Amino acid sequence: MGPGAFWLRNPALAEQADAWRLLMERRTSLPRRLSELAILVANRHFTASYAWCRHTAAASRAGLDRAVIEALADRQQPTFSDPMEAMVYGVSRELLETPGLSAATYARALAALGPERLVELVALVGYGCMLSLSVNTFEPDPFPDDRALVPAGSPPTTYARTPGGTRLLPLQDAALSDAQRRLATQLEVGRPGSVTGAYAIWRR
């Protein structure tokens, strides 16, 4: 299931993309709730429900306030009690809506985050864009418990059709090359056919 089934079609891309995924989701110097906030802003910008639902759960576990998530789902400006969350949101929105950051936003972000974290934040927004464009292009089937988390607004492509109609079917175990099989095991513990989420696209 999920975009990981598509990415494995390109083993070299899958290997590098998975390393990027681990860095972006687990190993930045930003607290997890901030990194997930940046990813969610990108997911909602592209109305990428599959990615949105997966990262909503991660953001909630990381401590991002549910009211913030609900405001994002409604395409409303969230009310933040944490100034760092407000900064991450503002930078993420500006990156998605303009060619870059204005001088004023850049100066504020640099002062608040420092160079390393600002570089990470820009990369996190780019990572969220990659996930969003992938799921909106290849339309993976949703996980059964995700439909309740579909954001408001026009139905995105992922949920505009019945399950089972994904555009690019996941590779079957018997069709995997040695490189793909090795990556499938590396990307997700278990048999190659169990690869889910973003991994399934990378493994293409």
Side-chain angles (χ1 to χ4, degrees), residues 3-4 7 13-137 149-154 156 197-199 201-202:
W7 277 321
L13 182 152
E15 190 164 29
Q16 296 303 313
D18 188 55
W20 189 32
R21 177 195 66 83
L22 289 172
L23 175 61
M24 292 292 95
E25 295 186 6
R26 308 284 176 83
R27 298 172 185 166
T28 70
S29 62
L30 288 166
R32 185 72 184 274
R33 76 180 190 288
L34 298 182
S35 61
E36 290 295 338
L37 173 59
I39 295 168
L40 280 180
V41 171
N43 295 161
R44 193 64 185 104
H45 177 80
F46 289 101
T47 319
S49 285
Y50 184 99
W52 166 271
C53 293
R54 294 286 87 197
H55 283 277
T56 291
S60 295
R61 289 193 300 269
L64 188 64
D65 194 284
R66 183 67 194 179
V68 170
I69 296 173
E70 291 173 352
L72 293 175
D74 292 336
R75 298 190 187 279
Q76 301 297 316
Q77 167 84 38
T79 299
F80 294 100
S81 58
D82 183 341
M84 289 298 287
E85 290 179 6
M87 174 62 66
V88 167
Y89 172 81
V91 169
S92 301
R93 290 299 314 157
E94 190 166 325
L95 286 171
L96 291 162
E97 295 172 354
T98 68
L101 294 180
S102 67
T105 301
Y106 177 80
R108 287 195 301 271
L110 187 63
L113 299 170
E116 179 182 354
R117 287 186 168 186
L118 182 53
V119 168
E120 290 174 341
L121 176 55
V122 174
L124 279 160
V125 175
Y127 172 69
C129 291
M130 181 189 72
L131 290 175
S132 299
L133 293 173
S134 294
V135 298
N136 281 356
T137 296
L149 298 175
V150 176
S154 301
Y199 315 135
I201 286 177
W202 282 328

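Below, each value reflects all heavy atoms present in this structure, side chains not excepted, and no hydrogens, waters or symmetry copies. Owing to the predicted nature of the structure, the values given are computational and were not obtained by experimental measurement.
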Nearest heavy-atom neighbours spanning [X] and [Y]:
| X | Y | value |
| --- | --- | --- |
| G128 | N43 | O-ND2, 3.5 Å |
| S92 | V125 | OG-CG2, 3.5 Å |
| V41 | Y89 | CG2-CD1, 3.8 Å |
| L40 | A59 | CD1-CB, 3.7 Å |
| L121 | V88 | CD1-CG1, 3.8 Å |
| P78 | A71 | CA-CB, 3.8 Å |

So how far is it from [X] [atom1] to [Y] [atom2], rounded to the nearest 0.5 Å?
| X | Y | atom1 | atom2 | answer |
| --- | --- | --- | --- | --- |
| E25 | S35 | CD | OG | 8.0 Å |
| R108 | L110 | CZ | CG | 12.0 Å |
| I39 | R54 | CD1 | CZ | 13.5 Å |
| D74 | I69 | CG | CD1 | 12.0 Å |

Handout entry: Test side chain to side chain contact (heavy atoms under 4.5 Å, CB included) applied to H55 and L131, step by step
Key = CA-CA 11 Å; H55 283 277; L131 290 175; 3.5 Å; yes
Exercise for the section: Can you sort out the partners of R32 under salt bridge (Lys or Arg N to Asp or Glu O under 4.0 Å), two or more places apart, ordered by chain and number? Expected result: E36
Exercise for the section: Output, in order, the C-alpha distance, side-chain angles, deciding distance and verdict of side chain to side chain contact (heavy atoms under 4.5 Å, CB included) for L96 and C129. Expected result: CA-CA 9 Å; L96 291 162; C129 291; 3.5 Å; yes
Handout entry: Heavy-atom donor-acceptor pair, R44 side chain to W52 backbone, under 3.5 Å
Key =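 Pair absent, no side-chain N/O of R44 close to backbone of W52.
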Problem - Expected output: side-chain N136 to main-chain F46 donor-acceptor under 3.5 Å - result: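 Pair found, side chain donor or acceptor close to backbone of F46.
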Exercise for the section: Could you pull out all residues at least two apart from E70 that satisfy side-chain contact (heavy atoms from CB on, under 4.5 Å)? Expected result: R66
Handout entry: Side-chain heavy-atom pair Y106, L118 within 4.5 angstrom cut-off
Key =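 Yes; the side chains approach each other to less than 4.5 Å.
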Exercise for the section: Could you check if a side-chain atom of E116 sits within less than 4.5 angstrom of a side-chain atom of T28, using non-hydrogen atoms only? Expected result: no
Exercise for the section: Would you check, one step at a time, whether the test side chain to side chain contact (heavy atoms under 4.5 Å, CB included) holds for L72 with L37? Expected result: CA-CA 10 Å; L72 293 175; L37 173 59; 3.8 Å; yes
Handout entry: Intermediate values then yes/no, side chain to side chain contact (heavy atoms under 4.5 Å, CB included), M87 and F80
Key = CA-CA 10 Å; M87 174 62 66; F80 294 100; over 6 Å; no
Practice task
Can you tell me which residue pairs pass the salt bridge (Lys or Arg N to Asp or Glu O under 4.0 Å) test with a partner in residues 82-104, sequence neighbours excluded?
Solution key: R33-D82, R33-E85, R93-E97
